[in-house]
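Taking it in order: structure first as structure tokens, then the write-up.
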Amino acid sequence: MDLAPPRGTLDLLPPEGGRMRALYDRAAELARRYGYRYVETPGFEHTELFARTSGETSDVVTKEMYTFTDRGGRSLTLRPEGTAPVMRAYLAHRAELPSPFKAYYLTRMYRYGRPQAGRYREHRQFGVEIFGVADPAADVEVIVLGEEFLRSLGLRRYEIQINSIGDGACRPAYREELLAYLRASVGRLRDEHRTGFEANPLRVLDCKDGACRAVAAAAPRITERLCGPCREHFEGVLTGLREHGLEPIVTPTLVRGLDYYTRTAFEFVSLVLSEAQATLFGGGRYDGLAEALGGPAVPGVGFGMGLERVLLACRDEGIEPPSEPGLDAFVVGLGEAGRRAAAGLLRELRAGGLSADAAYEERPLKAQLRMADRAGAAYAAIVGEREAAEGRVTLRRLADGTQTEVARADVVNWLRGER
RNA sequence: GUGGCCGUAGCUCAAUCCGGUUAGAGCACCAGGUUGUGGUCCUGGGGGUUGGGGGUUCAAGUCCCCUCGGUCACCCCA
């Protein structure tokens, strides 16, 4: 039996698991502070949901989905991204939900592809969505929220790339103009784009190939072809971001792989990670999504953030990521009376809201203190025969070895004061 | 999915180029030094089918093929 996890997946054991847990906790706290509420959707959906919303020609749909047929003959797909499922669930329950609807999620996504660092077949995302607000203030809020998350971790080496890809009023004309330009330049494109650009011309703009870049640089720019409302919206987003002290870099070549995006598209790109894994989070506006699902017109904006990448960026910026806090106390019992008293103390500490643990079996003091140390406990609460007889507890601060003796009845309050 | 590089102890690596006895080291882990003091120190100990399979050879960690995994660049994204 091969004990390694399947390709492209991760076992998150201590201390890594604690770091991911801490990221979840921080993200949830932040999202709630901005008025978002937690949602969960199924781990798999009808394949049609992703096929319709991501675009039949997108890479996600054509080669990256984990699609299977269940025993009832249904085609199902493991969730490759978060927005379409949340929108589906929202549309299904819209009558009971407030508007605007602000949701966040912390969950795993599945995409089949060749794995490498920061690119996994199963990865974790923190995402937020706002449904029902067309105003640029919503775009600004999700970007500011995501930026605050990165900054609160101590990350600094990233840039904000932003673009507007227009909407139904201006993108079709731009698309035709771009197509005409690309047809005229076809000889200078790399092979795979010579035939592929007709289906998705915007993608050529994003190509990293030197020749394609030259073609893209001289291509007509969407930012100069926006219709009035789109231009106004884009300006509103840029102004709003600057008012929050952010300095987005307008990047006309930034496009999105998913068809339902309109207007705003953005990516936070790490400057310390290699290019293939540098996008910490990306998102944008998707005013066409609800209708693509057969619902009413519901504007929306949001982002998805790759949490493994955030951890990688912390490492490469030399930042200690947050972790699960260690124990408040490790209870050490010695001798029969001491162990009995220690068991009672352990119950009391836990009931009092403190994190506490103890050895299960009788062990020498030395071994118990080592366990306390390994558990990352702030204090060892030692109850030997003498302490048990006197109704007292010796509290040893593990960081520096200083000890205090406290009456048994005061231990919980005393330790609370030390937190 | 395409191309390149790399897989030796839990981790980081040595021995691989140019095949040759029982595959070593540091860290980590366990125990003792110290039956009421961890983390430091000293001593000792456990731990490897050299990712897996096949081939060449008197002999394979070392050479060849396949496969699995990691990684880098693409594609694309988180």
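Note: hydrogens, waters and symmetry copies are ignored here, and every other heavy atom, side chains too, is used. Below, chain A is the first sequence line, B the second, and so on; all start at residue 1.
The residue from A:Arg119, A:Arg315, A:Arg124 that alone fulfils the salt bridge (charged side-chain N to carboxylate O under 4.0 Å, His left out) condition with A:Glu308 is A:Arg124. Of the listed residues (A:Leu289, A:Thr262, A:Asp287), just one forms a side-chain contact (heavy atoms from CB on, under 4.5 Å) with A:Pro299, and that residue is A:Asp287.
Counting only Watson-Crick and G-U wobble pairs whose two key distances fall under 3.5 Å, RNA chain B forms stems of three or more stacked pairs at B:1-7 with B:68-74, B:10-13 with B:24-27, B:29-33 with B:41-45, B:51-55 with B:63-67.
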Nucleotide N/O to protein N/O under 3.5 Å, stretch nucleotides 45-50 of chain B:
none

Under-3.5 Å N/O pairs linking protein and nucleotides 2-9 of chain B:
| from | atom 1 | to | atom 2 | distance (Å) |
| --- | --- | --- | --- | --- |
| B:rU2 | O4 | A:Arg114 | NE | 3.3 |
| B:rG3 | N7 | A:Arg114 | NH1 | 3.3 |
| B:rG3 | O6 | A:Arg114 | NH1 | 2.9 |

Close N/O contacts between protein and nucleotides 66-69 of chain B (under 3.5 Å):
none

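With rounding to whole Å, A:Leu10 atom CG is found 14 Å from B:rU71 atom C1'. Going from atom CD of A:Gln277 over to atom P of B:rA73 covers 7 Å, rounded to whole Å. Per the geometry, CZ belonging to A:Arg124 stands 12 Å off C1' belonging to B:rA78, to the nearest Å. Separating the CZ atom of A:Arg79 from the P atom of B:rA78 is a distance of 14 Å, rounded to the nearest angstrom. Note: CG (A:Leu273) to C1' (B:rA78) measures 11 Å, nearest angstrom. Taking atom CZ of residue A:Phe50 and atom P of nucleotide B:rA78, one finds them 13 Å apart after rounding to whole Å. If you measure from atom CE of A:Met65 to atom P of B:rA78, you get 14 Å, rounded to the nearest angstrom. A:Phe281 places its CZ atom 11 Å from the C1' atom of B:rA78, with the value rounded to the nearest Å.
Looking at A:Arg88 and A:Thr53, their side chains never bring a donor and an acceptor atom within 3.5 Å of each other. Side-chain atoms of A:Glu129 and A:Thr83 form a donor-acceptor pair, as typed in the model, at a separation below 3.5 Å. No hydrogens or angles considered: nothing links the side chains of A:Thr9 and A:Glu122 as a donor-acceptor pair under 3.5 Å. If you check the side chains of A:Glu159 and A:Gln161, you find a donor sitting under 3.5 Å from an acceptor. A:Thr251 and A:Asn163 are not linked by any side-chain donor-acceptor pair at a separation below 3.5 angstrom, with hydrogens and angles left out of the test.
Residue-to-nucleotide contacts include no donor-acceptor pair under 3.5 Å from the side chain of A:Arg111 to the base of B:rC76.
When side chains are defined from C-beta on, A:Glu405 counts as touching A:Arg386, because their heavy atoms get closer than 4.5 Å. Between A:Phe44 and A:Tyr110, every side-chain heavy-atom pair lies at or beyond the 4.5 Å cut-off.
To the nearest whole angstrom, the two C1' atoms, one in B:rU49 and one in B:rG45, are 23 Å apart. B:rU12 sits 26 Å from B:rG20 when the P atoms are compared, rounded to a whole Å. Comparing B:rG38 with B:rA31, their C1' atoms sit 16 Å apart, to the nearest whole Å. Look at the C1' atom in both B:rG54 and B:rA9: the space between them is 26 Å, to the nearest Å. Nucleotides B:rA59 and B:rG19 place their C1' atoms 8 Å apart, quoted to the nearest Å. Using atom P as the reference point in both B:rC18 and B:rA23, the two lie 24 Å apart (nearest Å). As rounded to the nearest Å, B:rG48 and B:rC68 have P atoms that lie 27 Å from one another. B:rA60 and B:rC42 are spaced 41 Å apart, taking the P atom of each and rounding to whole Å.
Scored by the ring-ring contact (aromatic ring centres under 6.0 Å, His included) test, A:Tyr112 finds A:Tyr66 as partners (sequence neighbours excluded). Shown here are the side-chain contact (heavy atoms from CB on, under 4.5 Å) partners of A:Asp135, two or more places apart in sequence or in another chain: A:Val133, A:Ala137. Residues that satisfy the side-chain contact (heavy atoms from CB on, under 4.5 Å) test with A:Thr402, not counting sequence neighbours, are A:Arg397, A:Asp400.
Taking all atoms of both residues into account, the shortest heavy-atom contact from A:Tyr174 to A:Pro220 is OH-O, 2.8 Å. Smallest separation of non-hydrogen atoms from A:Phe50 and A:Thr77: CE1-O, 3.8 Å.
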Task: Annotated protein contacts, base or backbone, on nucleotides 33-39 of chain B with a non-hydrogen cut-off under 4.0 Å, one of B, S, - each - done: -B-BBBB
Mind listing the side-chain donor-acceptor pairs of residues 272-281 of chain A below 3.5 Å, one per line with the distance, residues two or more places apart or on another chain?
| from | atom 1 | to | atom 2 | distance (Å) |
| --- | --- | --- | --- | --- |
| A:Thr279 | OG1 | A:Glu267 | OE1 | 3.3 |

Do any side-chain atoms of residues 28-35 of chain A form donor-acceptor pairs under 3.5 angstrom with protein atoms, and if so which ones, sequence neighbours left out?
| from | atom 1 | to | atom 2 | distance (Å) |
| --- | --- | --- | --- | --- |
| A:Glu29 | OE2 | A:Arg33 | NE | 3.1 |
| A:Arg32 | NH1 | A:Tyr104 | OH | 3.3 |
| A:Arg33 | NH1 | A:Glu148 | OE2 | 3.3 |
| A:Arg33 | NH2 | A:Glu148 | OE2 | 3.1 |
| A:Tyr34 | OH | A:Glu148 | OE1 | 2.5 |

- [ ] Any chance you could lay out the side chain to side chain contact (heavy atoms under 4.5 Å, CB included) test for A:Leu205 and A:Ile222, step after step, and finish with the verdict?
- [x] CA-CA 11 Å; A:Leu205 299 177; A:Ile222 178 69; 5.9 Å; no
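Enclosure of atom CZ in A:Arg408 by more than 12 non-hydrogen atoms of other residues, nucleotides or ligands within 6.0 angstrom is indicated.
Residues from residues 13-36 of chain A lying near RNA chain B, meaning a heavy-atom separation below 4.0 Å, are absent.
For A:Arg416 and A:Asp410, the salt-bridge test fails: no basic side-chain N is under 4.0 Å from an acidic carboxylate O. Ionic pairing of A:Arg157 and A:Glu317 is not present here: no N-O contact between side-chain nitrogen and carboxylate oxygen is shorter than 4.0 angstrom.
Proximity of A:Gln116 to the phosphate of B:rA73: a side-chain N or O atom is located under 4.0 Å from OP1 or OP2.
The ring-ring contact (aromatic ring centres under 6.0 Å, His included) contacts involving residues 358-380 of chain A comprise A:Tyr379-A:Trp414, where partners must be two or more places apart or lie in separate chains.
Each of A:Lys63 and A:Gly113 was assigned the nucleotide of RNA chain B with the nearest heavy atom; the assignment lying further toward the 5' end belongs to A:Gly113.
Among B:rC75, B:rA78, B:rU71, the nucleotide with an atom closest to any side-chain atom of A:Arg119 is B:rC75. When distances are taken from the side chain of A:Arg363 to each of B:rA73, B:rA31, B:rG1, the shortest belongs to B:rA31.
Across all strands shown, A:Tyr120 has heavy atoms under 4.0 Å from base atoms, whether or not it also approaches the sugar-phosphate. Within 4.0 Å (heavy atoms only), A:Ala4 reaches no atom of the nucleic acid at all.
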